[in-house]
Structures are given as C-alpha cells and as structure tokens.
**Student:** 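Right, I'll just put the structure down here and ask away after.
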Protein chains: 4
Amino acid sequence: MPRPSVEAERKAQILASTCKVIAAEGFRHLRVSDVAKDAGVSGGTVHYYFETKRELTDAAFEHCFEVSVARRRWILESDEPPLSRLRMVVESYLPEGAETVEAWKVWVELWVEAIRNPELQELNERFYGEWRDIVASIFRDGQASGDIHPSGDPLELANMMVSMLDGLALQVLAGSRAMTVDTMRTTCLRFVDQLSTANVGQPVAVAVRTPGIG
Amino acid sequence: MPRPSVEAERKAQILASTCKVIAAEGFRHLRVSDVAKDAGVSGGTVHYYFETKRELTDAAFEHCFEVSVARRRWILESDEPPLSRLRMVVESYLPEGAETVEAWKVWVELWVEAIRNPELQELNERFYGEWRDIVASIFRDGQASGDIHPSGDPLELANMMVSMLDGLALQVLAGSRAMTVDTMRTTCLRFVDQLSTANVGQPVAVAVRTPGIG
Amino acid sequence: MPRPSVEAERKAQILASTCKVIAAEGFRHLRVSDVAKDAGVSGGTVHYYFETKRELTDAAFEHCFEVSVARRRWILESDEPPLSRLRMVVESYLPEGAETVEAWKVWVELWVEAIRNPELQELNERFYGEWRDIVASIFRDGQASGDIHPSGDPLELANMMVSMLDGLALQVLAGSRAMTVDTMRTTCLRFVDQLSTANVGQPVAVAVRTPGIG
Amino acid sequence: MPRPSVEAERKAQILASTCKVIAAEGFRHLRVSDVAKDAGVSGGTVHYYFETKRELTDAAFEHCFEVSVARRRWILESDEPPLSRLRMVVESYLPEGAETVEAWKVWVELWVEAIRNPELQELNERFYGEWRDIVASIFRDGQASGDIHPSGDPLELANMMVSMLDGLALQVLAGSRAMTVDTMRTTCLRFVDQLSTANVGQPVAVAVRTPGIG
DNA sequence: AATGAATGAGGGTTCATTCAT
DNA sequence: CATGAATGAACCCTCATTCAT
C-alpha cells in the first residue's frame with residue numbers, strides 16, 4: 001500500500017531544491033547532482049521523477065512561480081486602501097531577505113532562459129501576466145475610489161510599475177552600489193505617491209513591512 | 001613583419017564574435033569553439049589571446065558595453081529640447097532591429113552573470129552608471145529649462161526611467177505577447193509625457209525614429 | 001488461494017516476452033523494463049522470478065528453442081517420402097512470416113552470445129544437435145529407401161544442409177538484396193534435388209508450403 | 001607542419017583497436033574507453049575522430065571488411081586450377097588462428113547488427129557481395145575449364161558454398177563439440193569434391209594450408 | 001506474490017585547456 | 001603567431017538490482 005502522495009511529495013521536494021540551486025549557483029551552473037544532494041536523494045532518483053534536466057528545470061520554474069504569485073495574492077484581497085496596497089506591493093517586491101532574494105534570482109534566470117525557450121515564455125506569460133493583472137486591479141480600484149489620478153490606463157500604469165520594480169531589482173541583485181534596496185524603495189514609493197490625487201509635496205510614505213515575495 | 005596592431009585587431013575580432021555568440025546562443029551555451037568558428041580562427045588562437053573562458057567573456061562584456069554606451073552618447077550631446085531627447089532615449093532603447101536586440105541580450109546576460117561575478121558587477125556599475133548619468137543630465141536640463149516638472153530628483157527620475165526600460169525590454173525579449181515593442185514604446189512615452197510641464201491629456205508624442213542602442 | 005502453477009505461468013509469460021523483445025530490439029538492447037512492460041508486470045516482478053538479467057536471458061533462449069524445435073519435430077514423424085520431408089525442412093526454415101522470422105532472430109542472437117557464454121554453448125549443442133539429428137535421420141531414411149544417393153555420410157549431408165540454411169537465412173535477415181527469401185528457397189531446393197538418385201536436369205520442385213519454424 | 005597523415009594514421013589505429021575489442025568482448029560490450037585504452041589514446045581522442053560510438057563502430061566494420069576481403073583477393077588471381085582455388089577458399093575461411101577467428105567474430109557481429117541497421121546492411125551488401133562474386137567466378141572458371149560439373153548456376157553454387165561456410169563457422173565459433181574446425185574442413189571439402197567432374201569415390205583432398213582470412 | 005520507489009555504478013559525450021610543431 | 005591534435009575531468013542519463021511494504 002504505497003502512500004498515495006510519495007510522488008507528489010518527492011517531486012515538490014526536488015523542485016524546491018532545484019529552485020534553491022538555481023538561486024544559489026545560477027541556472028547556468030545547475031547540476032543534477034547538486035539538486036540531488038540538496039534534496040537528500042540520489043541522482044538516479046531525480047531522473048526517476050524527471051526524465052531530463054530540462055524537464056526538471058522547466059518544472060522548477062513553474063513551481064517557483066506558483067508559490068511566488070500565490071504568496072502575493074493576499075495583497076489583492078487586502079482591504080487596505082489602494083495606495084497602501086501599492087506600497088505593500090513595493091515592499092513585498094524588494095529583494096531583501098533570503099526567501100525574497102531567492103525568488104528574485106529565479107525570476108531573473110527564467111527571463112534570460114525564456115529568450116530562447118518557448119516553454120518558459122509561456123510560463124512567463126502566464127505567471128507574469130497574472131501578477132500584472134493583480135497590480136492593474138489595484139490601480140483600477142484606486143481610480144474608482146478617487147485615491148489615484150483618473151488619467152492613465154490601469155494596465156499601463158501596472159506595466160510601468162512592475163517593469164520599474166523589475167529593472168531596479170535587477171540592479172540591486174547585480175550588486176550595484178548606486179542602487180541599493182533602500183534607494184529602490186524610495187524610488188518606487190515616490191512613483192506611487194506621484195499617482196495620488198493628494199500628491200504634491202507630501203513626504204514619501206513610511207515603508208510598510210510586509211512578507212517578501214519569495 | 002607582424003604589424004604591431006595585429007594583436008589588438010585579433011582581440012577585437014574575437015570579442016565581437018563572443019558578443020555575437022552570447023546574443024545568439026546565450027551566455028550559458030557559449031563554447032570557445034563557437035567563438036573561434038565565428039571569428040574564423042582556431043580554438044587554440046582564442047586561448048592564445050585569452051587564457052581562460054572567463055577572461056574571454058569578461059572582456060567581451062566590456063567590449064560590448066563600451067560600444068553600446070558610446071553609440072548612445074550622441075543623445076546627450078544633441079541640442080534637441082530635453083523632452084525630445086528623452087523620447088530619443090526611449091526609441092533608441094526599444095529592442096527592435098537586429099543590432100539593438102543583440103545588444104540587449106548581452107546586457108541581460110551580463111546582469112544575470114553579475115549576480116555572482118564581482119568583476120561583472122564592477123563593469124555594470126561603470127557602464128550602467130554612465131548611462132544613468134546621461135539620462136539624469138537630460139532631466140536636469142529639462143528642469144532647468146522649465147520643460148520638465150521641477151519636483152523630483154533628476155537622478156531618481158532617471159532611475160525610474162531606465163529601470164522601466166529595462167523591465168519592459170526584458171518582457172519583450174522574453175517574447176511576451178502582452179508586452180510588444182509597440183506597447184513598450186507607448187508606455188515609455190506616456191511616462192515621459194507625464195513629466196512635461198504641459199502634460200495633462202496631451203496625446204502621446206509621435207515616435208521619433210533614431211538609431212538603435214546596439 | 002494462489003494456484004500452484006502461478007509461478008510456472010508467470011515464468012512462461014515473462015520468457016515469451018523476453019524472446020519477443022530479443023527479436024524485436026536485439027539482445028544487445030534488451031532491457032529488463034521492456035520485458036516487464038511487454039509481459040504486463042513490474043520490473044520488480046521480473047527479478048522476483050529471475051535473479052539476474054543473465055539468468056533471464058539464458059532461460060529465455062532455452063524456452064525459445066524448446067518451442068522452436070518442438071514445432072518442427074512433426075517433420076521427422078511425417079510419412080512423406082524423404083525428399084519431400086527435406087523440402088519441408090527447407091520451407092519451414094525460410095525466414096518468412098512474423099513467427100519464423102522472430103525465431104530466427106533469436107537463434108542468431110544466441111549464436112553470437114554463445115561465442116562468449118559457455119551456458120549458451122551448451123544450449124546450442126543440445127538443441128542444434130537435436131535438430132541436426134532430425135535432418136540426418138531423414139538423409140538416412142532417404143538412403144535406405146534409395147531416394148537419396150548412397151554416397152555421403154548422412155550426418156555430413158545434414159551439416160551441409162543446415163549450415164547452408166543458417167548462412168542463407170543470415171543474409172536474408174541482414175536484408176541482403178542479393179539474397180531474398182525466394183533465392184534462398186531456390187538455392188536450397190536445388191541442393192536437395194541434386195541429392196536425388198533421379199537428379200540430373202530435373203526442374204526445381206515446387207515449393208511445399210508448411211508452417212514456419214517459429 | 002603537421003604530418004599529412006596524422007588523421008589517417010590515428011583513425012586506422014583506432015579502428016583496428018575497435019575491431020579487436022569487438023572480437024574480444026563482443027559488439028554488445030564494446031566500450032569507447034576500452035577502444036581508447038587498446039589504442040593507447042584517451043577517450044576524448046576517440047571522439048575527436050569519431051563523433052559518436054555508432055559512427056566509430058560503423059567505420060570499424062567497414063575497415064575490418066575492407067582488410068578482410070582484400071586479404072583474400074589473391075585467391076581470385078591465383079593461377080591454380082579452379083578446384084584448388086575452391087579448396088583454398090575453404091582453408092582460408094576456417095576459423096583457425098587468432099587473426100582469422102577475430103575477423104570471423106567481427107563478421108558475425110556485423111550480421112546481427114545489420115538486422116536493425118540499414119547502414120550495416122549496405123556494408124554487408126557491398127563486401128559480402130564482392131566476396132560472393134569472387135567465389136562465383138571460380139565456379140565459372142571451373143565450368144569453363146571442364147573441371148567442374150557444367151550443371152548449376154555459378155552464382156547459385158557460390159551461394160551454397162559461402163553460406164555453408166558461414167553456417168559451419170558459426171557453429172565452430174559457438175564452441176560446438178559436434179562441429180570442430182576439422183569437421184568443418186572435411187565437410188566443405190567434400191562439397192567441393194562432389195562438384196568435380198572426376199568426383200565419385202575420390203578421397204577428400206588433403207587440406208591446403210593458406211593464410212587465414214583475417 | 002508483487003510492486004514501485006530508490007539506488008548508484010557505469011558509460012557516452014562535451015569542451016575548456018594544453019602544447020608540440 | 002597560430003594551429004589542431006590530444007587530453008581528461010565533468011556531467012547527464014541509463015538501467016540492473018534491491019527492498020520496504
């Protein structure tokens with residue numbers, strides 16, 4: 001009577017290790033044996049669940065983003081006012097804290113791989129799109145409630161904001177001395193504040209601490 | 001009687017090929033032999049000029065960015081009005097056209113590699129910083145001339161803009177159907193327009209065609 | 001209440017699958033898992049009945065030849081005249097029809113393996129010997145009845161004939177365009193006819209259709 | 001100034017080793033590393049000259065047969081009487097002596113592999129065909145000179161003879177106690193003698209010693 | 001009696017690097 | 001200067017075998 005979930009359990013365990021290794025060593029250096037070691041199984045076992053390395057990494061990317069997007073869905077469902085929710089988005093996006101940094105590194109590796117991998121492009125389309133929609137819906141709420149300037153398409157504003165976050169995070173991850181987490185926070189919050197209908201001259205909002213995006 | 005410049009010539013030739021291969025195949029798949037083939041030399045010759053693969057790729061990144069940033073320096077020196085220059089920046093940044101796309105791909109690979117490579121972090125700091133400063137100086141000019149809203153730190157605005165460009169370009173390169181070059185252009189130009197002192201409700205400026213960023 | 005014969009049944013089923021796989025994929029490519037799949041059991045089950053792969057294949061060869069030789073024993077017992085029986089031998093040997101071809105392929109694999117496997121040499125000695133004796137006895141009958149030339153040792157004639165069949169079949173199996181089943185038939189029947197006491201110039205006997213040797 | 005024939009030399013050396021390993025271990029057990037060891041080069045070197053194992057073995061088969069057929073071509077050109085030449089064929093075919101036995105083992109492995117490998121089928125067609133033609137031409141000569149019975153198509157007789165040799169050799173190689181080299185010789189020579197126009201009752205010709213077929 | 005999860009040794013293949021010429 | 005032959009460590013993947021259930 002095999003436990004019903006051995007396969008699901010093992011797969012999840014191996015995929016988590018794969019994400020960990022991708023973040024730690026870079027996709028480029030991922031060795032199946034490292035994943036195995038981290039997962040505490042043999043190399044053969046990894047291949048028992050994933051035919052090829054490619055299949056493994058594709059699944060790992062998917063796994064990582066599922067978790068990642070799910071983790072931030074609460075922001076959408078929060079009943080904080082829209083501008084606060086945008087600030088939460090910023091906070092949750094900052095590459096700070098092991099888990100969030102790990103998630104970021106995996107996203108970045110995904111994007112680079114996606115350039116030449118249609119399967120990953122599809123993955124990005126799906127998860128990135130979902131996230132963009134979450135942010136767009138906050139803008140929509142904000143315009144509806146009058147907290148946010150009525151001019152500007154919510155989707156366009158969302159694209160501005162998430163791309164800005166991506167670009168800045170990239171620099172933070174690349175160890176830029178000119179772009180630290182703090183500078184990133186300030187920059188993003190300023191962008192948010194300028195969208196407020198009560199904007200001019202107000203100080204940048206105090207950072208709201210929220211769980212990371214990991 | 002070898003010309004004294006034969007070494008410099010060969011090196012440049014090999015580095016150009018390296019960039020080409022990075023863009024075409026991805027850093028991850030770069031083989032020294034591919035570079036050699038593209039450069040029309042033997043594998044041994046590549047190692048004659050670059051001791052290790054790492055040395056080769058580090059040099060190639062440097063080579064690529066030197067060219068890349070130099071190519072866009074004319075925007076800084078243009079005597080167009082600041083807002084036009086910002087629109088030129090946007091245009092020159094769009095991942096459109098073989099050369100620009102190639103340059104973009106190399107930048108992206110650099111960032112990912114830089115996460116774990118201090119040498120590349122330094123490189124990024126240097127070239128990305130130079131580029132950020134170019135953009136910041138345009139904002140400064142715009143505020144001085146009164147074309148751009150006086151509120152907002154020029155450097156911060158520059159960070160917003162270049163990070164937005166980076167983030168959007170990443171999605172375009174990743175083949176996103178939701179983020180095409182056209183959407184990217186519209187989004188960025190809207191951002192620029194909203195900074196204008198003559199901003200509200202004006203239509204998005206007609207795209208100014210400029211050479212790519214390659 | 002497991003029937004006592006369940007083991008024998010399962011073994012036979014697994015062995016049949018093994019022969020099938022040997023014929024289909026070649027001994028060289030036989031994987032225990034393929035046998036298991038074909039037999040509709042798990043890989044573990046195969047090893048439950050056969051400790052090692054070697055044990056499995058040795059047993060499979062034996063199984064195959066038992067069936068194979070048994071299938072042709074009726075020729076010995078036929079009361080057709082000796083020359084007819086020889087023609088039946090030829091017909092039953094032609095690598096034509098799925099079953100016969102499968103059997104041939106297994107024989108061939110056996111011979112090659114036997115070169116380095118004493119166990120299989122023994123097997124070959126036994127079954128091949130039995131078959132040779134069957135053919136020799138037909139020659140003996142033919143000489144006794146006067147249908148076949150009295151000169152020539154029956155065993156030697158049998159060796160000539162079966163080796164010729166083997167050599168020709170090998171070429172047919174190897175896909176030779178110069179040695180088709182039809183050419184093989186003609187060649188062998190000519191050999192038989194030339195042994196007849198009423199031999200010179202007679203046309204080759206019409207092929208006698210018989211079941212294959214499988 | 002690289003020696004002009006490094007490649008040809010190395011290839012020949014590696015192919016010879018490949019044949020040796022095929023004969024010694026069987027095609028089934030051939031490891032690239034064994035070939036490398038026998039050739040006194042590294043595993044990498046083998047792949048430097050042969051992209052894949054398959055390419056290596058295909059080339060090795062070709063190499064082996066080229067040598068093998070060339071070695072026996074002198075029989076065709078001999079000016080001995082046809083029947084003597086046939087006896088020489090028999091002798092040169094007997095799996096006796098290291099070199100000849102090695103060649104035989106490789107032929108046998110080829111045939112088995114050819115069953116599922118069209119490339120090898122082509123190879124067999126070519127070399128086996130050439131050999132069959134050599135033998136057929138001897139029969140033709142014999143009939144022209146009146147030494148050999150005029151009845152019987154030379155090609156058909158050749159097929160009888162070479163297939164008989166193949167079948168018998170197979171049994172010898174498989175270690176049959178009932179089919180030794182001596183029995184094989186006797187059997188084949190009897191076949192030859194029966195073709196003589198001066199045939200009845202003559203003793204089997206004394207074995208003519210010739211170099212092996214290797 | 002039977003399974004399927006897990007193993008790990010083994011082998012083909014790749015490729016950066018070396019070096020004699 | 002430049003080459004191409006040669007290397008060998010590294011890595012992915014296969015598959016016979018084991019064993020708890």
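Proteins get letters first, then strands, A, B, ... in listed order; numbering begins at 1 in each.
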**Student:** Among D:Phe61, D:Trp107, D:Trp111, exactly one meets ring pair (Phe, Tyr, Trp, His ring centres under 6.0 Å) together with D:Phe27. Which residue is that?
**Tutor:** D:Phe61
**Student:** Assess whether a salt bridge exists between D:Glu109 and D:Arg28, defined as any Lys/Arg side-chain N lying under 4.0 Å from an Asp/Glu carboxylate O.
**Tutor:** no
**Student:** According to a 3.5 Å limit on both distances, what stems of 3 or more consecutive Watson-Crick or G-U pairs are formed with DNA chain F?
**Tutor:** E:2-21 with F:2-21
**Student:** Look at the side chain of B:His47 and decide which nucleotide, out of F:dT17, E:dT17, E:dA5, has an atom nearest to it.
**Tutor:** E:dT17
**Student:** Quickly work out the A:Lys53 NZ to F:dC12 C1' distance and round it to whole Å.
**Tutor:** 8 Å
**Student:** Mind calculating the distance between CD (A:Gln13) and P (E:dA5) to the nearest angstrom?
**Tutor:** 14 Å
**Student:** Give a yes/no answer on whether the side chain of A:Tyr48 brings an N or O atom under 4.0 Å of OP1 or OP2 in E:dA5.
**Tutor:** yes
**Student:** Assess B:Lys11 against B:Phe50: is NZ or CZ under 6.0 Å from the centre of the six-membered ring, and within 45 degrees of the ring's axis?
**Tutor:** yes
**Student:** Identify, residue by residue, the members of residues 31-44 of chain B with a heavy atom below 4.0 Å from DNA chain F, and return them in order of residue number, or none.
**Tutor:** B:Val41, B:Ser42, B:Gly44
**Student:** Write down the distance between OH (A:Tyr49) and C1' (F:dC13), rounded to a whole number of angstrom.
**Tutor:** 18 Å
**Student:** What is the separation between atom CZ on B:Arg10 and atom C1' on F:dC1, rounded to the nearest whole Å?
**Tutor:** 9 Å
**Student:** Quick one: does any side-chain atom of D:Gln121 pair with a main-chain N or O of D:Ala114 as donor and acceptor, under 3.5 Å?
**Tutor:** yes
**Student:** From CZ of B:Phe50 over to P of F:dC1, roughly how many Å is that when rounded to an integer?
**Tutor:** 14 Å
**Student:** Sort and list the pairs that fulfil salt bridge (Lys or Arg N to Asp or Glu O under 4.0 Å) and have at least one residue in residues 48-57 of chain C, not counting sequence neighbours.
**Tutor:** C:Arg54-C:Asp58
**Student:** Roughly, in whole Å, what's the span from NZ in D:Lys11 to P in F:dA5?
**Tutor:** 11 Å
**Student:** What I want to find out is whether A:Arg126 reaches A:Glu62 closely enough, with some N-O distance under 4.0 Å, to be called a salt bridge.
**Tutor:** yes
**Student:** Output the rounded distance in Å from NE2 (A:His29) to P (F:dC11).
**Tutor:** 10 Å
**Student:** Going from CD1 on B:Ile115 to CG on B:Asn124, what distance comes out if it is rounded to the nearest 0.5 angstrom?
**Tutor:** 10.5 Å
**Student:** Between atom CD in A:Glu51 and atom C1' in F:dC12, what is the gap in whole Å?
**Tutor:** 13 Å
**Student:** Of all the heavy-atom pairs spanning C:Leu15 and C:Leu56, show the shortest one and how long it is.
**Tutor:** CD2-O, 3.8 Å
**Student:** At under 4.0 Å between heavy atoms, what does A:Leu30 touch on the DNA or RNA strands: base, sugar-phosphate, or nothing?
**Tutor:** sugar-phosphate
**Student:** If you compare all heavy atoms of D:Ala103 against all heavy atoms of D:Ser68, which two are closest, and at what distance to 0.1 Å?
**Tutor:** CB-OG, 4.2 Å
